[in-house]
Structures are given as structure tokens and as C-alpha cells.
Amino acid sequence: MKTLPGFRDFYPEEQARRRALFERWAEVARAHGFAEIDAPTVEPLDLYRKKSGDELVGQLFSFTDRGEREIALRPELTPSAARMVAAKHRELRRPIRWFSLGSFFRLERPQRGRSREFCQFNCDLFGISGAAADAEMVGLLIALLRAVGLGPQDFAVRLSDRSVWNQFVAGAALPEESTVALLQAVDKLGREPAERTDARLLAAGFEPERVRSFIDEPCENDPIFSDLRRELDQRRLTEFITFDRSVVRGLAYYTGVVFEAFDRKGELRAIAGGGRYDGLVAKISDGAADLPAAGFAIGDVVIMELIEAKALPAASIQRRADQLLAGQVFLVIADEIARPHALRIASDLRAAGVRTDFALGSEKVTRQFQAAEQAGCSLAVVFGAEWPRVKIKLMATREEIEIEASALYERIGDLLKIRRLENPNLQ
RNA sequence: GUGGCCGUAGCUCAGUCGGUAGAGCGCCAGAUUGUGGCUCUGGCUGUCGCGGGUUCGAGCCCCGUCGGUCACCCCA
């Protein structure tokens with residue numbers, strides 16, 4: 001039996017890296033005033049229909065339950081979060097800043113950077129609009145990426161605003177669908193052959209040349225961006241930002257600023273994406289609540305590729321992952337007579353939160369030291385016929401200290417503490 | 001849904017002209033009867049994805065099929 005296509009198993013090493021990544025992200029989000037939420041993994045299909053229309057249903061894992069309800073595995077968090085906000089918007093202190101981490105599902109053909117179940121770290125800010133709020137979200141995204149060891153040479157945030165295109169079409173008397181078609185064509189620029197994009201543009205009533213030169217023209221001084229530019233500049237984020245009119249994001253519900261983070265080498269899919277979606281809460285709640293909102297999501301798949309491609313041995317994420325996997329103390333039972341003593345001490349150490357391991361069956365001493373080594377333990381304690389005396393071995397230096405068992409806890413505590421002081425990243 | 005590439009040991013892969021299957025890593029044992037990383041010695045592991053065809057003979061050639069992967073499509 002294998003996993004279903006597009007689903008993944010995570011063995012300890014990789015899972016430790018993911019866990020380290022997620023913990024780091026949560027710390028950064030909390031530092032920005034965001035609180036964690038979660039929502040059901042399974043939702044009514046209508047939650048997604050309402051937001052984006054029927055055409056997305058084909059990409060959802062959906063089914064009908066025994067009560068004839070149409071159900072979908074969630075493809076993203078935003079609609080659920082919008083519902084949560086709408087339901088309690090009168091009692092929630094504003095601005096509402098939420099983050100969450102969870103699994104999402106899309107029924108697509110799996111390929112590089114895309115699987116059918118993936119994790120997303122999602123951040124949303126409700127109840128406030130304007131450049132300050134937009135900059136806060138872009139700033140949080142940048143902080144999250146920097147926190148995993150990426151710098152301005154590794155990634156950039158491409159940023160635009162849908163108003164740019166609303167103004168572009170304002171002069172022409174064109175039907176609503178033309179704007180939608182225009183945005184879709186712009187979104188596909190660089191992903192499809194030029195002739196095809198041109199054909200789309202012509203069909204929608206636009207001259208390809210005009211659209212292209214509009215995109216190519218430098219736009220960081222466009223008055224639309226002036227407030228946002230100032231906010232970002234004050235946050236010292238300019239080096240991470242590229243203003244780029246070709247960024248529109250795929251879906252129709254964005255109403256203002258839109259942005260995506262991508263790797264500088266341009267080898268991977270977008271790392272993260274988001275924007276302002278002021279109409280969504282009203283739409284989800286049928287007008288019961290109407291709050292401005294902006295948010296983004298970072299998937300785990302592309303970012304893990306990027307981290308692993310960088311392969312920085314000193315990266316804080318790898319250090320934390322190693323720490324999550326490593327043991328601390330290994331009890332070597334050199335003589336089975338001493339096993340009951342070792343077991344009692346193991347229980348005490350474990351109760352005190354010390355990561356403690358020992359051989360479950362009779363094993364040669366050599367084998368036990370190998371296990372201690374492989375588990376990454378910094379201390380081994382040898383229990384043998386000389387009980388109640390035991391030997392503590394410092395694995396790093398091979399130094400041995402023989403002491404009375406009664407002094408063991410204190411001594412281990414000291415040794416682990418010393419190690420902590422020497423290297424705060426290990427304990 | 002469409003197309004390219006790939007399926008050989010637990011893993012990564014080699015396998016020449018078609019002649020009965022190999023390396024490295026890992027694992028196990030020993031050198032070392034109470035001491036780990038290195039070294040050395042020995043050992044285990046195969047439905048060559050599956051089915052059919054060609055052939056005296058197929059891992060290799062042909063057809064089909066399944067799986068993986070990358071790309072297209074789509075991308076919240």
C-alpha cells in the first residue's frame with residue numbers, strides 16, 4: 001500500500017524540519033499581534049461556491065454525506081475565517097488579527113511544488129483597510145520568510161493593486177467581462193506563449209501593445225502606491241519589494257493590493273500570495289457583516305524546497321529540527337542486575353522532562369553506546385555491578401565521572417545546564 | 001484531460017553486442033567478554049513494476065498496462 005497520489009508521508013527528519021518551521025512562524029505571527037485560530041477541515045460546499053463560483057468545484061475533494069449534504073475538504077482557510085469573523089464581529093476586538101496552520105486539499109494533478117494535501121500558514125487582518133493595514137500584512141509576510149533564514153537575495157515580494165487596472169480600463173466603455181478577461185490574460189503573461197495572450201487581449205477589446213507597455217513602464221511612482229510605499233519604507237522593507245503591474249493574482253475576489261512572494265532565481269512557484277479582499281466577509285455572511293480584510297497564505301511545499309536548496313547547515317530551522325530529534329541522556333545497562341535501578345531513574349528523568357532513552361532488551365555495551373551516539377545524547381550513564389555507584393560519560397569528550405547514584409539527578413541537571421549555556425540552541 | 005522522461009536489493013543507482021544480476025550506502029555479526037563516531041573482515045537482502053510478444057535465450061527488443069515524475073491545463 002502506498003499513499004494516494006499527491007499525498008505525502010513525513011518521516012521524523014523531515015517532519016522535524018516542518019515542525020521547526022511552523023513553530024518559528026507561530027512565534028513571528030504572535031510577535032506581530034496575531035492570535036491562532038482553527039476551523040473545520042470539512043466544510044459545506046456552498047462556502048466555496050459562494051466565494052468563487054462553480055468552476056472551482058471540480059478542483060475540490062467533495063462528496064455528499066448521508067444527510068444529502070454537499071461537503072468539501074477545505075481548499076483554503078479564508079472563507080472559514082471570514083465566516084468566523086462575520087459570526088462574532090460585534091464582540092471581537094479590532095483590528096482582528098488571526099493566523100492558522102493546517103492541511104488543505106485540492107484535487108489537481110500533483111507536480112513539483114504542488115500536492116493534493118498541503119499545509120498552509122494563513123494570516124488575515126480584518127476590520128481595517130488602508131495602506132497601513134496593507135503594509136502590516138506585507139511586513140508580516142516578509143518577517144515570516146526572513147525568520148526561516150531567507151534574505152533579500154533569496155526572495156522578493158512583487159506587489160501591485162487591482163485599482164491600477166480599474167484605472168487602465170476606466171476610459172474605455174467596456175463590459176465587465178472584459179476587465180475579468182484582461183486580468184486573466186495579465187495573470188498568464190510569462191506563463192503562456194505571447195500569441196495566446198495577445199489573442200485573449202484582442203478578444204477582450206484591448207490592444208496587446210498598449211497592455212504590454214503599461215506593464216513594462218516603471219510604476220513605483222504611481223500615486224496609487226504612494227501611501228503604501230511610505231509605510232513600507234518606514235518599516236525598512238524597500239529592498240524586499242518590487243512594484244509590478246503584472247501581479248493580479250488569479251481569483252476575482254481581490255479588491256485592492258495584491259502581492260506574491262517568489263524566489264529571486266525564479267525557479268520555483270510562488271512561495272506565498274495574498275491581497276486585500278474587502279467584499280468577502282459581506283458575501284459570506286449575506287451582508288450580515290461587512291468588514292474590510294487582507295490576508296495571505298504561505299504553503300509548506302515551495303518554502304521547504306527553498307530551504308533545502310539553500311542547505312545552510314547553520315540555518316536556525318535545521319538547528320531546531322535537530323534539537324527536536326535529539327535525545328539527551330542514554331542509560332547504558334552494562335549488567336542486567338542494575339536494570340531495575342535504571343528504569344526507576346529513567347522514569348524520574350523523563351518525568352522531569354529530560355529526553356531519556358535506554359535499551360529495552362539486553363544488549364551489548366558497545367551496541368548501547370552506538371545507540372546513545374545515534375540518538376544524539378550528550379550524556380550516557382553506565383549502570384552495572386558497582387551499583388549504587390554509576391558512571392556519567394560525556395559523549396563529546398569521552399570523559400567519565402563516577403558518582404553515587406544519589407547524586408545523579410543533581411549532576412545530570414548541572415551537566416545539561418552547562419551544555420545549555422555553552423550552546424543555547426541545544427539542551 | 002494532454003505530452004516528455006523513468007520503473008533493477010531497504011535507499012541511490014550501474015548493468016556493454018540479447019547469453020541465467022552488480023556496486024556504493026545502510027543493516028547484521030566479528031576483530032573488541034563493560035565503552036560510541038574511524039578502520040578492517042565476513043554476511044543477508046531481488047516477482048529486474050505487471051501482462052503478453054519476438055528469440056535457442058529478454059533486465060535489455062516490440063506491444064499493452066499500472067505506477068512515479070516533470071511539464072501543459074489550472075492555480076484560492
Side-chain angles (χ1 to χ4, degrees), chain A residues 1-8 11 13 43 47-53 55-60 72-82 104-116 118 120 122 124 183-184 187-188 191-193 196 248-254 258 260 262 267-275 277 280 284 295-299 301-302 305 327 330-338 359 362-387 389-400 402:
Chain A
M1 287 294 284
K2 284 195 281 194
T3 63
L4 292 167
F7 290 81
R8 300 168 292 167
Y11 289 89
E13 209 169 277
E43 291 276 16
L47 184 64
Y48 307 111
R49 280 212 186 108
K50 217 171 226 175
K51 180 183 165 188
S52 312
E55 70 274 11
L56 290 183
V57 172
Q59 291 184 44
L60 295 176
L73 298 187
R74 62 182 180 184
E76 60 168 331
L77 183 77
T78 309
S80 305
F104 299 88
F105 305 85
R106 293 179 194 170
L107 186 51
E108 299 176 296
R109 194 74 163 249
Q111 55 191 269
R112 186 171 183 207
R114 192 163 75 183
S115 59
R116 288 182 169 180
F118 50 93
Q120 272 192 348
N122 202 275
D124 292 282
L183 292 179
Q184 277 178 1
D187 188 42
K188 287 182 204 309
R191 288 208 307 260
E192 70 178 11
R196 237 168 112 183
V248 297
R249 304 294 300 160
L251 278 200
Y253 66 85
Y254 287 116
V258 285
E260 58 193 25
F262 68 100
E267 291 167 353
L268 305 172
R269 290 165 181 280
I271 303 165
Y277 51 95
L280 185 65
I284 293 281
F296 63 84
I298 317 180
V301 180
V302 175
E305 275 193 62
F330 197 98
L331 307 185
V332 173
I333 299 164
D335 186 326
E336 285 297 318
I337 286 173
S362 175
E363 298 262 15
K364 292 191 171 177
V365 170
T366 301
R367 183 81 196 91
Q368 295 185 58
F369 271 97
Q370 265 173 25
E373 173 69 26
Q374 284 165 1
C377 293
S378 55
L379 300 178
V381 184
V382 182
F383 293 76
E386 66 275 20
W387 177 267
R389 294 186 68 76
V390 295
K391 284 184 220 158
I392 299 176
K393 179 160 183 171
L394 310 179
M395 294 296 283
T397 61
R398 298 178 173 241
E399 182 188 353
E400 279 191 339
E402 184 165 345

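All values below were derived from every heavy atom in this structure, side-chain atoms included, with hydrogens, water molecules and symmetry-related copies excluded. To find a chain, count down the sequence lines: A is the first, B the second, and so on, and within it residues start at 1.
- Nearest-nucleotide positions on RNA chain B for A:R367 and A:Q370 put A:R367 closer to the 5' end.
- Between the CZ atom of A:F7 and the P atom of B:G68 there is a distance of 12 Å, rounded to whole Å.
- In a base pair of the Watson-Crick type (N1 to N3 plus N6-O4 or O6-N4) or a G-U wobble (N1-O2 and O6-N3), with each distance short of 3.5 Å, B:G1 is matched with B:C72.
- What separates CZ of A:R109 from C1' of B:C74 is a distance of 13 Å, to the nearest Å.
- Contact between the side-chain N/O atoms of A:T78 and the OP1/OP2 oxygens of B:A76 is not found at any separation under 4.0 Å.
- Counting non-hydrogen atoms under 4.0 angstrom, A:V332 reaches nothing in the nucleic acid.
- A distance of about 14 Å separates the P atoms of B:G24 and B:C44, rounded to the whole Å.
- Counting any heavy atom pair closer than 4.0 Å across all strands shown, A:E363 reaches no nucleic acid atom.
- For the pair A:S80/A:E43, a side-chain contact is recorded, criterion being any heavy-atom separation below 4.5 Å from C-beta on.
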Could you go step by step and tell me if A:Y277 and A:D124 meet the side-chain contact (heavy atoms from CB on, under 4.5 Å) rule?
-> CA-CA 10 Å; A:Y277 51 95; A:D124 292 282; 2.3 Å; yes
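- Here B:C75 presents its P atom at 15 Å from CG of A:L107, a figure rounded to the nearest Å.
- Distance check on atom C1': B:U8 versus B:G3 gives 26 Å, rounded to whole Å.
- B:A29 and B:U41 make up a base pair, with Watson-Crick or G-U wobble contacts both under 3.5 Å.
- With both ends at atom P, the span from B:A9 to B:G59 equals 14 Å, rounded to whole Å.
- A straight line from CG of A:L4 to P of B:G68 spans 9 Å, rounded to a whole angstrom.
- Residue-to-nucleotide contacts include a donor-acceptor pair under 3.5 Å from the side chain of A:K391 to the base of B:U35.
- Nucleic acid contact class of A:P5 (heavy atoms, under 4.0 Å, all strands): sugar-phosphate only.
- Taking atom CD1 on A:I298 and atom C1' on B:A76, their separation rounds to 15 Å, with Å as the unit.
- When distances are taken from the side chain of A:Q111 to each of B:C70, B:G34, B:G36, the shortest belongs to B:C70.
- For A:R114, no side-chain nitrogen or oxygen approaches OP1 or OP2 of B:C75 to under 4.0 Å.
- Residue-level contact check: A:A371 touches neither bases nor backbone, having no heavy atom under 4.0 Å from any strand.
- Remark: the separation of the C1' atoms in B:C38 and B:U32 is 14 Å, to the nearest Å.
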Could you go through the side-chain contact (heavy atoms from CB on, under 4.5 Å) check for A:W387 and A:I337 one step at a time?
-> CA-CA 9 Å; A:W387 177 267; A:I337 286 173; over 6 Å; no
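- Comparing atom distances between the A:K393 side chain and each of B:C72, B:U35, B:G34 picks out B:U35 as nearest.
- Remark: B:G36 base-pairs with no nucleotide; criterion is Watson-Crick or G-U wobble with both hydrogen-bond distances under 3.5 Å.
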In sequence, state the C-alpha distance, the side-chain angles, and the governing distance for A:E373 and A:F330, and then conclude on side-chain contact (heavy atoms from CB on, under 4.5 Å).
-> CA-CA 9 Å; A:E373 173 69 26; A:F330 197 98; over 6 Å; no
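- Of all nucleotides listed (B:U35, B:G37, B:C75), B:G37 comes nearest to the side chain of A:E373.
- Residues A:L394 and A:L379 meet the side-chain proximity criterion, which asks for heavy atoms closer than 4.5 Å.
- The side chain of A:Q59 approaches B:C74 more closely than any other nucleotide in the set B:C74, B:U35, B:G36.
- At whole-Å resolution of the value, CG in A:L379 and C1' in B:G36 are 14 Å apart.
- A donor-acceptor pair under 3.5 Å is formed between the side chain of A:Q368 and the backbone N or O of A:I333.
- Taking atom P on both B:G15 and B:G49, the two are 15 Å apart, rounded to the nearest angstrom.
- Both A:P75 and A:K364 sit near RNA chain B, but only A:K364 has its closest nucleotide nearer the 5' end.
- Across the strands present, B:C48 finds no partner; the criterion is a Watson-Crick or G-U wobble pair with both atom distances under 3.5 angstrom.
- Comparing B:C60 with B:C6, their C1' atoms are spaced 15 Å from each other, to the whole Å.
- Distance CG (A:D335) to P (B:U33): 16 Å, rounded to an integer number of Å.
- A:E402 places no side-chain N or O within 3.5 Å of a backbone atom of A:R389 that could act as its donor or acceptor partner.
- Under the Watson-Crick and G-U wobble criteria, each requiring two contacts below 3.5 Å, nucleotide B:G67 is paired to B:C6.
- Counting only heavy atoms from C-beta outward, the side chains of A:V332 and A:K393 never approach each other to under 4.5 Å.
- Remark: the A:E400 side chain and the B:G34 base include no donor-acceptor N/O pair separated by less than 3.5 Å.
- Across all strands shown, B:C56 forms a Watson-Crick or G-U wobble pair, both distances under 3.5 Å, with B:G19.
- Nucleotides B:C48 and B:U20 are separated by 13 Å at their C1' atoms, to the nearest Å.
- For B:A71 and B:C61, the P atoms lie 27 Å apart once the distance is rounded to whole Å.
- For the pair A:Q374 CD and B:G36 P, the computed distance is 13 Å after rounding to whole Å.
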